Amino acid sequence: MGKSRFNSYFFFMQEQKRLKPAWKDKSNQELMVLCGPLWDALDPQGRFRFEEMKKDFVGKDPEAREKERKKGDVRITGGYDTHGRPLVDIERRDREMKREAVNKIEAVANMVETAARAGALEVTKFYVMETNVFVKTEDDPPVFVPAEVSIAKFSLQEGVIRVYQAFTVPGRIPLGYKRLCMENINDGHKIPLEDNLDEEDDITRFRQTPDVKIFEDIRRFLSGSEIVFCMPEKTAQCEGVLRTIAQRSNLAQLNISILPLPELLFRLANKSQEGITLPSTNMAEIELERERFLYQAGLSCSWHEAMTDTNTCSSATVWRWCFTVLDLCCQHYKITLVSGRHIPRTVETEPVGQGWGVVDQGRSVRNTANRQGRNMVRRLGGFPSEDVRFREEQVVEEEDNKVKKQDEARGTAEEENNAVQEHIEKVKMGVGRDMKGMQGVAREMQPAGTISDCLGNLSMTSDWSSDSEFVTLDSISQASAVSQAR
């Protein structure tokens with residue numbers, strides 16, 4: 001296997017040769033020197049495009065492809081998988097999927113960057129989509145039997161503006177998938193396969209919306225926008241539901257691009273004046289998957305809220321996704337949180353200062369000059385993904401309370417100690433007076449000079465008296481007995 005002369009840098013040089021007329025007659029050796037600094041300045045996404053150009057070229061040329069194959073790699077040319085599909089087609093499909101993923105990331109970045117440059121990022125409308133299905137077949141491509149569609153509209157400034165929700169007509173259930181449909185209903189979204197025509201209550205009545213009306217409502221709801229956001233693992237399902245509705249009803253496919261929601265959260269969180277606040281797209285996806293507002297009431301549609309106890313309603317899901325984005329981003333744009341718009345109504349908010357800060361242990365920050373423009377943030381709760389940074393005002397208040405409590409405790413301890421010492425002195429003085437009185441009684445009862453002769457040294461040392469010696473009651477009784485015997 002020989003070494004191919006075609007690589008990504010070669011295609012980059014050829015493109016620069018076409019773009020710069022002065023380099024038209026340059027040789028490859030000269031182009032290598034001229035294009036070196038430009039190639040080094042390219043980011044990974046820019047180089048990825050030329051890597052794909054090389055792969056496309058190699059894929060079209062079997063000989064070049066064989067030269068590029070490394071030792072131990074599978075021979076793609078002329079190979080088939082277990083289903084009889086050419087390996088070349090499978091690899092081409094994988095390359096297209098990677099290219100599509102990169103294009104979606106660039107689309108989100110361009111959308112946020114354009115809005116930021118125009119100074120309208122806080123008021124830009126974003127749309128978030130989620131669906132529920134009865135079943136997904138194992139065909140290639142799979143068929144999705146739709147059950148529910150929900151789309152939320154939100155902006156950083158206004159919060160969640162409106163949520164569209166509709167139950168779809170399931171249509172014909174593929175042969176052999178009825179049992180899976182019932183399992184998904186009972187274990188998941190609880191959506192029945194048929195309309196409940198016997199229910200008279202307009203609020204709790206289950207209604208299915210025709211396909212034509214759903215497409216009309218979605219077009220009207222999007223107001224000309226062609227971009228919606230969704231979690232990456234739900235993108236294929238959302239696209240499949242829209243495709244199924246269009247195909248079975250002979251409707252024109254909606255011109256909608258479904259982009260990754262974690263990428264939007266990552267871009268919005270890091271576009272504020274505070275700089276990088278979310279380190280990566282993976283961390284943004286983790287924050288969304290944590291479902292911090294999972295068990296909040298009032299987010300599901302009226303039918304799910306009244307008739308079921310499930311939290312898989314697609315309307316509730318888009319509410320939670322929007323609340324998560326707003327909760328993580330609005331604090332960095334100094335946007336006041338509005339209950340029911342930026343966070344659920346059941347979640348409390350509290351005023352905070354302009355910025356967040358970490359105060360070193362033992363230090364007290366008492367400067368209140370930067371605490372004028374207050375905004376509202378969600379009060380910290382027991383969620384696993386809470387922001388654990390300390391706010392300056394809260395830290396100062398906690399430190400002041402701690403010092404005050406320590407001073408009060410120190411003063412109380414000193415007062416108690418003084419009281420104990422006074423009590424001890426009083427006890428000592430009282431015991432001393434009693435002992436002196438007893439000694440006087442003993443001297444009156446005993447003739448002078450006889451107690452020492454009869455009893456010897458009767459002195460004892462006491463910790464409770466200021467006198468070094470005193471006579472005990474037992475000693476006095478013994479002295480009296482001896483005196484009477486004489």
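The structure presented is a predicted model; accordingly, all values stated were derived computationally and were not measured. Throughout, residue positions are numbered sequentially from 1 according to the sequence presented.
The shortest distance between side-chain heavy atoms of V149 and V241 falls below 4.5 Å. Proximity of M111 to I227: side-chain heavy atoms (C-beta onward) are separated by under 4.5 Å at one or more points. Side-chain contact between L31 and N28 is present, with heavy atoms from C-beta onward closer than 4.5 Å. Q16 places none of its side-chain heavy atoms less than 4.5 Å from the side chain of M13.
Of the possible polar contacts, one joining the T244 side chain to the F144 backbone as a donor-acceptor pair under 3.5 Å is found. Between the S300 side chain and the A316 main chain, no donor and acceptor come within less than 3.5 Å of each other. Side chain of Y127 to main chain of L222: a donor-acceptor pair is present (N/O by atom type, distance under 3.5 Å, no hydrogens or angles). With Q208 contributing its side chain and L193 its backbone, the two residues share a donor-acceptor pair below 3.5 Å. Put simply, the side chain of T124 never gets that close to the backbone of A115: no donor and acceptor are under 3.5 Å apart. Between the side chain of T168 and the backbone N or O of P146 there is at least one donor-acceptor pair closer than 3.5 Å. A donor-acceptor contact shorter than 3.5 Å links the side chain of T317 to the backbone of C313. Without hydrogens or angle criteria, H189 side chain to I185 main chain gives no donor-acceptor distance under 3.5 Å.
Listed by first and then second residue, the salt bridge (Lys or Arg N to Asp or Glu O under 4.0 Å) pairs that reach into residues 215-230 are K213-D217, D217-R220, sequence neighbours excluded. The side chain to side chain donor-acceptor pair (under 3.5 Å) analysis of residues 100-109, with sequence neighbours excluded, yields no pairs. Sorted by first and then second residue, the salt bridge (Lys or Arg N to Asp or Glu O under 4.0 Å) pairs with a member in residues 310-321 read E291-R320; sequence neighbours excluded. Residue pairs meeting the ring pair (Phe, Tyr, Trp, His ring centres under 6.0 Å) criterion with at least one member in residues 95-123, sequence neighbours excluded, do not occur.
The CD1 atom of I191 sits 10.5 Å away from atom CG of N184, with the distance rounded to the nearest 0.5 Å. Taking CD1 of I343 as the reference point, atom SG of C322 lies at 14.0 Å (rounded to 0.5 Å). Note that CD1 of I335 and CG of L156 are 5.0 Å apart. Values are rounded to the nearest 0.5 Å. Of the inter-residue distances, the one linking H332 atom NE2 with S272 atom OG reads 6.0 Å to the nearest 0.5 angstrom. Atom NZ of K271 sits about 12.5 Å away from atom OG1 of T277, to the nearest 0.5 Å. With values rounded to the nearest 0.5 angstrom, C301 atom SG is found 9.0 Å from F206 atom CZ.
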In residues 128-136, what donor-acceptor pairs under 3.5 Å come from side-chain atoms, sequence neighbours left out?
unit_1, atom_1, unit_2, atom_2, d
E130, OE2, K234, NZ, 2.7
T131, OG1, Q237, NE2, 3.1
N132, ND2, E148, OE1, 2.9
N132, ND2, T312, O, 3.0

Throw together a table of side-chain donor-acceptor distances under 3.5 angstrom for residues 256-267, partners on residues two or more places apart or in other chains.
unit_1, atom_1, unit_2, atom_2, d
E263, OE1, T281, OG1, 3.0
E263, OE2, R267, NE, 2.8
E263, OE2, R267, NH2, 3.0

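Using a 4.0 Å cut-off between charged side-chain N and carboxylate O, K98 and E52 make no salt bridge. For the pair E183 and R179, the salt-bridge criterion is met [side-chain N within less than 4.0 Å of a carboxylate O]. By the 4.0 Å N-to-carboxylate-O rule, E285 lies too far from R290 to be salt-bridged with it.
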Decide side-chain contact (heavy atoms from CB on, under 4.5 Å) for L254 and I218; before the verdict, give the C-alpha distance in whole Å, the side-chain angles of both, and the deciding distance to 0.1 Å. CA-CA 9 Å; L254 293 175; I218 292 178; 3.8 Å; yes

Trace of the side-chain contact (heavy atoms from CB on, under 4.5 Å) decision for R248 with V169: CA-CA 11 Å; R248 72 186 184 186; V169 178; 4.2 Å; yes

Stepwise, does the side-chain contact (heavy atoms from CB on, under 4.5 Å) test hold for S8 with F48? CA-CA 8 Å; S8 56; F48 179 81; over 6 Å; no

Check the pair R243 / Q253 against side-chain contact (heavy atoms from CB on, under 4.5 Å), numbers first and verdict last. CA-CA 7 Å; R243 183 173 58 250; Q253 181 69 35; 4.2 Å; yes

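Other residues, nucleotides and ligands contribute at most 12 non-hydrogen atoms within 6.0 Å of the CZ atom of R345. Applying the 6.0 Å contact sphere to CG of D309 captures no more than 12 heavy atoms from other residues, nucleotides or ligands. The neighbour count for L19 CG, taken as heavy atoms of other residues, nucleotides or ligands under 6.0 Å away, is above 12. Sparse packing is recorded around CD of Q273, with 12 or fewer heavy atoms of other residues, nucleotides or ligands lying under 6.0 Å away.
Between T324 and E287, the shortest heavy-atom contact is CG2-O, 3.9 Å. In terms of heavy-atom proximity, C230 sits nearest to T235 at SG-N, 4.1 Å. Here the closest non-hydrogen pair linking R341 and F323 is O-CE2, 3.3 Å. The minimum heavy-atom distance linking L326 with F154 is given by the pair CD2-CD1, 3.9 Å. The nearest pair of heavy atoms linking Y177 to E138 is OH-N, 3.2 Å. Residues G340 and W319 approach most closely at O-CZ3, 3.8 Å, considering heavy atoms.
With sequence neighbours excluded, no residue satisfies salt bridge (charged side-chain N to carboxylate O under 4.0 Å, His left out) with E30. Shown here are the ring pair (Phe, Tyr, Trp, His ring centres under 6.0 Å) partners of H304, two or more places apart in sequence or in another chain: F167. Among residues two or more places apart in sequence or in another chain, the salt bridge (charged side-chain N to carboxylate O under 4.0 Å, His left out) test is passed with E305 by none. With sequence neighbours left out, W39 forms a ring pair (Phe, Tyr, Trp, His ring centres under 6.0 Å) with Y9, F12. Here Y333 pairs with nothing under the ring pair (Phe, Tyr, Trp, His ring centres under 6.0 Å) rule; sequence neighbours left out. Legend: residues meeting salt bridge (charged side-chain N to carboxylate O under 4.0 Å, His left out) with K125, ordered by chain and number and at least two apart, are E158.
Between F229 and F126, the ring-plane angle classifies as perpendicular under the 30° and 60° cut-offs.
A donor atom on one side chain and an acceptor atom on the other are found under 3.5 Å apart for S150 and S314.
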